Amino acid sequence: MTVNVVNHKEFLIAINELLLDSGTVLDVGCGVGATITEFCCPIKIGVDAHRPYLDNAKLGEQFIKLNFMAERLSEIFLPNSMDSVTLIDVIEHFEKEVAFDVLRQVEEIAAKRVIVFTPRGFFKQIEVDHYGLGGESFQRHRSGWEVEDFEKLGYNIIIFSKFHDHRNLAFVEVYGKDAQPIDALLAWKDCRLGAG
């Protein structure tokens with residue numbers, strides 16, 4: 001396991017480097033698809049519990065959309081059925097114990113890698129849906145994540161120093177435009193085909 005610190009905001013470049021050997025990716029909590037459409041994988045499946053996000057997904061023809069709950073992913077995805085699984089700005093929306101169970105499920109689904117991107121610590125995001133699509137309850141943050149949370153699960157980590165700042169509308173609403181920035185964590189775990 002490694003922990004590195006970077007001082008830039010190019011998290012998508014880092015994620016795509018981790019996806020280079022993946023032909024398929026499952027993006028959990030894909031929302032309107034802003035991130036999944038940037039992934040380099042040829043086959044992309046996006047799952048979100050809030051159907052209006054999927055109905056309004058940008059460039060929707062570029063990925064398969066499933067309206068389903070992350071807490072029950074193992075009901076529809078077989079073990080090792082996707083090369084990689086991503087949870088980008090998602091894990092913090094669950095209570096910690098629920099999130100650990102979601103991670104357990106996606107680690108079984110991923111044949112190669114699980115990739116998580118989340119604020120470091122507890123980011124007090126409130127129930128505001130900036131898309132105006134009625135997903136307020138899905139937007140609230142319910143848990144905070146530290147390096148140690150991922151290390152004990154066998155994840156490698158990159159700390160994106162001062163990632164969340166005055167350029168993030170949700171950050172400004174809660175903390176104000178002059179607040180100290182909050183780090184973000186990119187954590188990934190390499191899975192072995194047939195493990196677990």
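Note that the coordinates shown come from a computational prediction; the quantities given were computed from them, not determined experimentally. All heavy atoms count here, side chains included; hydrogens, waters and symmetry mates do not.
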Next item on the list: Among Leu87, Val28, Val102, find the one that has a side chain to side chain contact (heavy atoms under 4.5 Å, CB included) with Val116.
Entry: Leu87

Next item on the list: Among Ile159, Ile15, Ile157, find the residue that satisfies the side chain to side chain contact (heavy atoms under 4.5 Å, CB included) test when tested with Leu186.
Entry: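 With Leu186 as partner, Ile159, Ile15, Ile157 yield a single side chain to side chain contact (heavy atoms under 4.5 Å, CB included), made by Ile15.
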
Margin query: With a 6.0 Å cut-off on the ring centroids, do Phe123 and Phe163 count as close?
Written below: no

Tell me whether [X] shares a hydrophobic cluster with [Y], the cluster being built from Ile, Leu, Val, Met, Phe, Trp, Tyr side chains joined at under 4.5 Å.
| X | Y | answer |
| --- | --- | --- |
| Phe122 | Ile91 | no |
| Ile36 | Ile43 | no |
| Ile64 | Val85 | yes |
| Leu19 | Leu12 | yes |

Margin query: Just to verify, what does Trp145 make a side chain to side chain donor-acceptor pair (under 3.5 Å) with, not counting sequence neighbours?
Written below: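 Per chain and number, Trp145 pairs via side chain to side chain donor-acceptor pair (under 3.5 Å) with Ser143.
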
Note to self: Using side chain to side chain contact (heavy atoms under 4.5 Å, CB included), reason through Tyr175 and His166 one step at a time and then give a plain yes or no.
What the structure shows: CA-CA 9 Å; Tyr175 297 103; His166 65 279; over 6 Å; no

With rounding to the nearest 0.5 Å, note down the distance linking [atom1] in [X] to [atom2] in [Y].
| X | Y | atom1 | atom2 | value |
| --- | --- | --- | --- | --- |
| Leu103 | Phe94 | CG | CZ | 9.5 Å |
| Met82 | Lys44 | CE | NZ | 11.5 Å |
| Asp165 | Ile182 | CG | CD1 | 10.0 Å |
| His50 | Tyr53 | NE2 | OH | 5.0 Å |
| Phe117 | Thr35 | CZ | OG1 | 9.5 Å |
| Arg120 | Phe160 | CZ | CZ | 13.0 Å |

Next item on the list: Hey, could you give me each pair passing side chain to side chain donor-acceptor pair (under 3.5 Å) that has a residue in residues 14-26? Not counting sequence neighbours.
Entry: Asp21-Arg113, Ser22-Ser84

Lys/Arg-Asp/Glu bridge criterion (N-O < 4.0 Å) met for [X], [Y]:
| X | Y | value |
| --- | --- | --- |
| Asp149 | Lys96 | yes |
| Glu148 | Lys152 | no |
| Glu75 | Arg72 | yes |
| Asp27 | Lys65 | no |

Under 3.5 Å donor-acceptor, [X] side chain and [Y] backbone:
| X | Y | answer |
| --- | --- | --- |
| Asp48 | Asn67 | no |
| Gln105 | Leu73 | yes |
| Lys162 | Ala184 | no |

Mind listing the closest non-hydrogen atom pair of [X] and [Y] along with its distance?
| X | Y | answer |
| --- | --- | --- |
| Leu54 | Gly46 | CD2-O, 4.4 Å |
| Thr118 | Glu92 | OG1-OE1, 2.7 Å |
| Glu107 | Cys191 | O-SG, 3.9 Å |
| Phe63 | Cys30 | CE1-SG, 4.0 Å |
| Val90 | Gly29 | CG2-O, 3.6 Å |
| Ser74 | Ile109 | N-CD1, 4.4 Å |

Do [X] and [Y] have side chains that get closer than 4.5 Å, going by heavy atoms?
| X | Y | answer |
| --- | --- | --- |
| Asp190 | Lys112 | no |
| Lys189 | Phe150 | no |
| Phe77 | Leu26 | yes |
| Val98 | Glu71 | yes |
| Ile76 | Phe68 | yes |
| Leu185 | Ile158 | no |

Note to self: Would you say that more than 12 heavy atoms from the other residues, nucleotides or ligands in this model lie under 6.0 Å from the CZ of Arg104, or not?
What the structure shows: yes

